[in-house]
Structure formats: structure tokens, C-alpha cells
Protein chains: 2
Amino acid sequence: MQELSQAQGGESSLADRLFVTLRGEIVEGRIAAGSKISEPELARRYGASRGSLREALMRLESLGLLERRVNVGARVVTLSERGLLELYEVREALEGMACRLAAAKRTAEDLVDLHHMLARHEQQEELQAGTAYFQPEGDFDFHFRIVHASRNDLLVDTLCNRLYYRVRMYRYQLGMASPRARSAFREHSHIIEAIEEGDGELAEILMRRHIRASRQNIEHKLR
Amino acid sequence: MQELSQAQGGESSLADRLFVTLRGEIVEGRIAAGSKISEPELARRYGASRGSLREALMRLESLGLLERRVNVGARVVTLSERGLLELYEVREALEGMACRLAAAKRTAEDLVDLHHMLARHEQQEELQAGTAYFQPEGDFDFHFRIVHASRNDLLVDTLCNRLYYRVRMYRYQLGMASPRARSAFREHSHIIEAIEEGDGELAEILMRRHIRASRQNIEHKLR
DNA sequence: CCCCTGAATATTGTCGACAATTTCATGAAA
DNA sequence: TTTCATGAAATTGTCGACAATATTCAGGGG
């Protein structure tokens, strides 16, 4: 029987922890893309009842990580070039808007934080070597921070609590080292610069170009 | 004990039907915005077990129609000016992108359907009188059709299966008659024209302006 | 009069069991 | 060999019950 994630039961329910744990298993490919989910088996493996597990599965479905069919069961989504393309088209629209809003609503504190983040990224050895530009998931991730600076909770929820898990799933399962490390970093700098100057229109354009370039890079890997 | 929606059990589960029914109750305000949800009471009212009801509630949560807190329960979301603004900002980004994509991928059949839809709208008496521009939910809704023409399933899901229910909730509970009826119709025509000519850039700009104008109109009503 | 404390009540989270449906295996017929 | 039917096994959908937690309400102290 496998252990669940660390969080204690006071703040989160068992279904909550199952959800977080399974989300990680799927994103990082330990539960294979396209594979069938067996409720009895998973429930046994994590020592939970089927009811609690089903609650977690439903949340995963609404995240777009599972597909469920009535009386048949759940499957992990399959990765496809089309799915990747669609994901990046949506990101281009939403993160472009996030940049526009962030430029309009930015605070002095936002700017300090964003520059602090860039400085930390710049210290990465892999980035210096140009071999990779690792985005630590969470607070220091560039896109994550920009979206939060938009001050639009719906945008934050849509991107950070929904789409980003699928993005990470594609990244993990296609390898994350990127030949675009240095140019990606430069693009990030320029975007933050535009936000700093309050130029929402430019910030949006730069972000959209950045995401298009990122997509083309991943598409290239896919072949 | 209240009746559930008509769909028979062969294709959909009980939780499915509960979900669809409750979604309508919330969108149309029969379950008041901001009110607390009592699981035992709702389960009794629809003659279902708490388990099935909870499954429906969780889906409503992921739709953004409910907010749930552990060990406390679910509440219907409250309508706010800020929520409305955020919703329209996201729509502006996503539907703008939908237009851009639709212009690039449109088929001859798409164009026939879109013009057919416009012709039907034009026959509405209320539109002729300039008092309202009623958008029948479903296949004939303008935005719905544009989004589908984008051929991006993720975009379709995000807008049509997630955001539009919140849009309809705001519309229902703030009244739907609009002084913009005639100009909205003209804007729709121009957008379809741009899509017809394959001008994605223009179609995107027009759609974004259209949604901004629509938002300002609803915001005006809110005061 | 207001605030705090603690028991009583109600609600939520979790579980195991049963019914309905699907999937799989076996074998017969074309 | 392929296809189709048939029954067995497994899986999913649904339910009611119990434990844990939150809410309510009464009473006492400040």
C-alpha cells in the first residue's frame, strides 16, 4: 500500500490528497498516458475506499487529465500533436491577456518580485551553459507569476489550476531540456520589461510570440 | 420530490442528470446565488442518495458554479462586478482566438451555417424592434457557433462547457433585454464577414471589441 | 448587555455492500 | 478462420450507515 502526499488531514480531505497524488502520478507519467484506470485496484493501492477514490477521479476528469465514460470507466488522456497544438493556442490567448492585464495593474512589489525571479533564473548553471532552462514548478515559475500579476482569479484558475498540469504532462513525457534556453530567458526579460513600462499591448504581443516559439520547439521534438 | 431532467438512464448516470438539473437551477436563479447547499435536503428533494448528489456537486464546483470548503459544505457562487469583469476579460481573450482560428480553418459548410444562423436571428421580432437580441442557447447561439468553428476542442470545452454557464448566470440574474440589440447584430455580421474572408487578425479584433462593448453594457446595468 | 464555554444537534467525510452494466472467455455455426 | 451467441467474471453506479467535524444553543461569568 502506497503512501499519500504529506499534508495532514486537518486541512484537506482524503479525496483531496488522493487527487493531488494521482495528479502527480499522471503528470509525471508513472501512470501511463492512455492507460485504463481500475477503481478497485487504485483504491487498494492507496488504502482508500472506492468512494473517496472516485471523488479524486472526477476532479482529475475536470482537469482534463482523465476521460470517463458512463459504465465503462476512466482512461488517462493520450498525448497527441493535436492536443499539444490546442493547448498552446489556448495558452497564447490567455497568457497574452494576462500580460496585458499585468502591465495595467502591476504594483511596485510585483516588479521587485519579477526581477528577483529573473535574477534567480540567471544563476542556473544549465541556463548559463545554454543546455536547459528549468522552470521550478510553483512560485518561481515565470508564467505562473505573470498570470498571478494579472489579478484575475478566473484567469489564474483556468491557467494554473487547469491547463498547466497538462502542459507539464507534455513537458515531462517529451523531455524538458530545451535548445531554446537562452532565447527563452531573453524573451522573459523583454516581457517583464514591457510590463514594467506599463505597455500592455507590447507585453501581450511578446508573450504570444514567446508561446508560439515554445510550441514550435516542442512540436519539433515530437517528430 | 422533484423530477429530474428528461434524459433516460441508458446513456447518462443519475449523477449526470442531477448535475444537469442543478446546473439549470443555479444558472436561472431558482437556487439563489450565495445560498448554502444542504446535501441531505437536496438529496431528499430529488430522491437520490447523498453519494450521487455529491458527485453532481463536485462537477458544479469544477464549473465554477459552487464553492466547496472541506467539512463545511458548498455555497452557490455570488455574483459580483469583479467576477463579471474577470469573466469578460477571459472571454475576450478566448473568443478572440476562436475567431482567429475560425478564419483560418473555416469550411464552406461553416460559412453556410453561419449565414443561415444570422438570417434566422434577423427574423426575430424583438431584434427588428431593437428591444432585445435573444440568443437561443445551444446550436444557434452566435458565440457557440464561432467557437466550434475554431476546431479547437480545448477551446470549445473551456468556453462552452465551463465559462458559458457563468455567463448565462449573470445574464439571467441581471435581466437579458439589451439596448445594444441592433449594434450587437451588426457586430456579429462584421465578424462573420471577416471570417468569411479569412482575415483572422481582423476577426479577432472585431470579436474583442464586441465583447468589451457587451461587458460595458452589462456593467452599466449593474449600477 | 456582551462574551465565552460546553453540550446537543446537524452536516460532512468515509466506508462497505448490493444492483446494473460491461468485458472476457468459451464454444457453436457459417 | 471468422463471426456470433452465451454465460461467467469483473467493474461501475448507487445506496445506507457510521465516524469526524462543524454549527447551534443554553447557561454562566465578566
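Labels below follow one simple rule: chain letters A, B, ... track the order of the sequence lines, proteins then strands, and each chain is numbered from 1.
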Which nucleotide in dG13(D), dG13(C), dT14(C) has an atom nearest any side-chain atom of Glu39(B) = dG13(C)
Side chain of Arg50(A) - closest among dT14(D), dT22(C), dG13(C) = dT14(D)
So, is Lys36(A) close to the dT12(D) phosphate, meaning a side-chain N or O under 4.0 Å from OP1 or OP2?
-> yes
Of the nucleotides dA22(D), dG13(C), dG13(D), which one has an atom closest to the side chain of Ser13(A)?
-> dG13(C)
From dG13(C), dG13(D), dT11(D), pick the nucleotide closest to the side chain of Arg54(B)?
-> dG13(C)
Out of dC15(C), dA22(D), dT12(D), whichever nucleotide has its closest atom nearest the side chain of Pro40(A) = dT12(D)
Reckon Ile37(B) touches a base, only the sugar-phosphate, or nothing at all at heavy-atom distances under 4.0 Å?
-> sugar-phosphate
Think Ser52(A) has a side-chain N or O under 4.0 angstrom from the OP1 or OP2 of dC15(C)?
-> yes
Report the distance from atom CG of Leu18(A) to atom P of dC15(C), rounded to the nearest whole Å.
-> 9 Å
Side chain of Leu14(B) (C-beta onward), nearest among dC15(D), dG13(C), dT14(C) = dC15(D)
Which nucleotide in the set dG13(D), dG16(D), dG16(C) lies at the smallest distance from any side-chain heavy atom of Ser49(A)?
-> dG16(C)
State, with a plain yes or no, whether a side-chain heavy atom of Arg59(A) is found less than 4.5 Å away from one of Asp16(A).
-> yes
